[in-house]
Peer 1: 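Please see the structure below; I have some questions.
We count ligands from 1, going down the list as the structure has it; atoms in each ligand are counted the same way. Numbers for residues simply follow the sequence, beginning at 1.
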Amino acid sequence: MAFKNQYLADLMETVKKRNPGEPEFHQAVTEVLESLEPVIEKHPEYIKMGVLESIVEPERIIKFRVPWVDDKGNVQVNRGFRIQFNSAIGPYKGGLRFHPSVYEGIIKFLGFEQIFKNSLTGLPIGGGKGGSDFDPKGKSDMEVMRFCQSFMTELAKHIGPDTDVPAGDIGVGGREIGYLFGQYKRLRDEYSGVLTGKGLTYGGSLARTEATGYGLCYYTEEMLNDHDDSFKGKTVVISGSGNVAIFATQKATALGAKVVALSDSNGYIHDPDGIDLDAVKEIKLVKRGRIKEYVENHPNATYTEGCRGIWTIPCDIALPCATQNELDEEGAKALIAHGVKAVCEGANMPSTPEAVHAFQSAGVLFGPAKAANAGGVATSALEMSQNSMRYSWSFEEVDAKLHDIMKNIYHNSAKAAKEYGMEGNLVAGANIAGFLKVANAMLAQGVC
Ligand code: NDP
């Protein structure tokens with residue numbers, strides 16, 4: 001879509017020139033700036049004070065070498081990144097991704113999205129993201145530990161409980177957070193909430209592991225309730241089989257739906273009887289195996305090589321929970337043809353712009369990632385609060401707060417969309433609601 005507003009068109013051109021070869025970042029910025037057209041028409045002060053120019057430029061980019069020794073005694077060298085994007089409303093907060101596809105553009109897109117997502121939670125957290133092109137898949141625990149120790153040896157210079165608080169993301173789960181935390185503590189001689197997603201024995205929060213998947217379902221249920229509908233009796237397709245997908249499957253099932261499909265980066269399983277989640281947890285979380293192993297003990301289930309075909313499975317609700325741009329226009333059209341009612345994004349930017357457009361044009365309820373998957377970072381912020389208090393809340397207390405936060409995110413986004421003349425457009429609503437809080441904080445703090 002072309003910008004009607006010349007100022008925004010020029011700004012987008014500058015972003016592309018300044019960040020060449022980073023299509024994911026361009027995609028994320030384009031989507032936000034498109035939503036902000038009516039906002040800057042109403043609030044020219046944001047232009048005058050350079051708020052938009054500042055918000056698309058990271059406050060700081062840290063890029064470093066990560067050397068480590070593998071089990072055969074060979075030296076390996078990876079690249080590490082931390083992008084501290086915006087600290088207007090709180091310390092930088094956002095996960096670390098370890099995946100071979102990681103480069104500066106991926107971290108920039110994720111860090112940019114994180115600014116608005118964190119703002120939507122209503123909690124005092126700024127936006128940041130980091131990671132490495134290291135692939136934990138197929139590595140031994142000792143190799144992962146040596147990599148994490150080397151990564152943290154540099155990262156520790158730039159983070160802190162009141163400065164920048166990383167967490168997990170793709171390829172960074174409880175094991176990696178543990179090794180990273182251990183190294184930070186050793187280097188700084190400090191026991192603080194510098195990372196979230198920690199284990200329960202050393203400062204983690206109950207319900208953090210479940211939070212992104214549960215939060216996604218709370219948001220989706222609220223959206224459905226607002227349209228006199230619910231998960232009850234629905235057929236659901238979920239992509240991925242990692243942290244987000246597993247706990248989205250658990251909560252959707254608890255809310256009365258039947259989840260019939262999951263995937264990994266090799267292919268997808270379809271189980272018309274409903275996914276046996278204990279079997280998936282055993283394969284993915286305990287054995288770190290492949291999703292195709294599921295069909296060995298589930299005779300009615302099928303496995304198909306390749307990920308994209310998952311969207312051809314008929315369903316009422318689709319929850320993409322794997323990775324960016326995994327759901328394209330073809331996938332969207334297949335879902336629409338089978339009568340999908342709602343699509344909510346568990347992964348970050350899983351739908352291409354063409355897919356989003358197809359859903360919106362077909363009247364499918366569409367919940368964008370920065371709103372729908374904000375439950376993870378919201379609960380991370382609750383972990384920070386508990387660490388500061390040196391106290392911990394029960395699972396039920398954290399889960400109840402998460403539930404409230406997700407309901408509020410849905411209603412605040414819906415309200416903002418309506419207020420700016422785009423009723424029902426939850427993409428625009430999330431971008432506007434997230435932006436306004438950060439932009440006003442930036443205005444209040446002056447040019448800095
Ligand atoms: P995990 O590493 O736990 O799992 C990722 C899953 O996605 C794996 O099953 C992986 O398969 C699969 N996958 C990767 N690429 C593809 C692909 N092209 N097609 C199908 N499946 C694929 O990561 P998370 O569950 O933590 O993260 C998933 C998404 O959710 C990411 O976009 C992340 O940024 C986002 N997110 C995560 C949050 C969290 O709290 N963890 C918070 C907010 C957002 P394989 O095993 O083959 O690699």
Side-chain angles (χ1 to χ4, degrees), residues 24 28 93-102 106-107 109-111 113-114 117-118 120-121 127 129-131 134-138 166-177 195-197 204-205 207-216 219 237-249 261-269 280-281 283-285 287-294 304-311 319-328 331 344-352 368-381 383 402 406:
E24 299 85 359
K93 181 93 199 81
L96 298 171
R97 176 176 292 192
F98 292 170
H99 192 270
S101 64
V102 164
I106 291 276
I107 302 299
F109 120 65
L110 290 165
E113 291 276 291
Q114 201 80 43
K117 180 189 308 194
N118 292 4
L120 281 169
T121 66
K129 198 84 187 187
F134 172 75
D135 187 359
K137 229 180 281 169
D169 189 75
I170 291 180
V172 179
R175 172 182 62 171
E176 290 75 14
I177 292 290
L195 290 160
T196 58
S205 171
R208 172 61 189 92
T209 308
E210 294 84 354
T212 310
Y214 277 24
L216 170 67
Y219 175 96
V237 164
I238 298 183
S239 62
S241 49
N243 172 270
V244 182
I246 284 176
F247 291 103
T249 302
L262 286 174
S263 62
D264 62 20
S265 53
N266 294 114
Y268 64 92
I269 51 165
V280 173
K281 284 184 179 172
I283 294 166
K284 298 301 286 188
L285 301 181
K287 285 163 56 189
R288 294 183 188 274
R290 309 306 301 158
I291 199 71
K292 70 174 170 201
E293 293 164 36
Y294 181 91
T304 309
E305 199 68 29
C307 314
R308 293 196 181 250
I310 194 170
W311 310 120
L319 304 175
C321 294
T323 194
Q324 63 274 357
N325 291 327
E326 52 161 316
L327 172 47
D328 60 12
C344 284
E345 299 184 317
N348 282 310
M349 210 170 73
S351 315
T352 63
K370 59 172 79 68
N373 75 19
V377 75
T379 308
S380 275
E383 182 174 330
L402 168 66
M406 297 314 296

Peer 1: Does Glu176 reach the main-chain N or O of Gly168 with its side chain, forming a donor-acceptor pair under 3.5 Å?
Peer 2: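 No; zero donor-acceptor contacts below 3.5 Å.
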Peer 1: Report yes or no: does Glu383 contribute a side-chain atom to a donor-acceptor pair with the main-chain N or O of Gly197 at less than 3.5 Å?
Peer 2: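 It does hold such a pair.
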Peer 1: Heavy-atom count around Lys292 NZ within 6.0 Å, excluding the residue itself: above 12?
Peer 2: no
Peer 1: Is the side chain of Arg208 donor-acceptor paired with the backbone N or O of Gly376 at a distance under 3.5 Å, no angle test?
Peer 2: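 Yes: the side chain of Arg208 pairs with the backbone of Gly376.
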Peer 1: Under 3.5 Å, is there a donor-acceptor pair between the side chain of Gln114 and the main chain of Gly127?
Peer 2: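 No, the answer is negative, given that no donor and acceptor are paired below the 3.5 Å cut-off.
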Peer 1: Heavy-atom cut-off of under 4.0 Å around ligand 1: list whichever protein residues fall inside it, by chain and number.
Peer 2: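 The answer is Arg97, Lys137, Asp169, Ile170, Gly171, Arg208, Thr212, Gly240, Ser241, Gly242, Asn243, Val244, Ser263, Asp264, Ser265, Lys284, Arg290, Cys307, Cys321, Ala322, Thr323, Gly346, Ala347, Asn348, Asn373, counting any residue whose heavy atom sits under 4.0 Å from ligand 1.
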Peer 1: Could you tell me which residues satisfy side-chain hydrogen bond (donor to acceptor under 3.5 Å, both in side chains) with Thr196, sequence neighbours excluded, listed by chain and number?
Peer 2: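 Only Lys93, Ser380 meet the side-chain hydrogen bond (donor to acceptor under 3.5 Å, both in side chains) criterion with Thr196.
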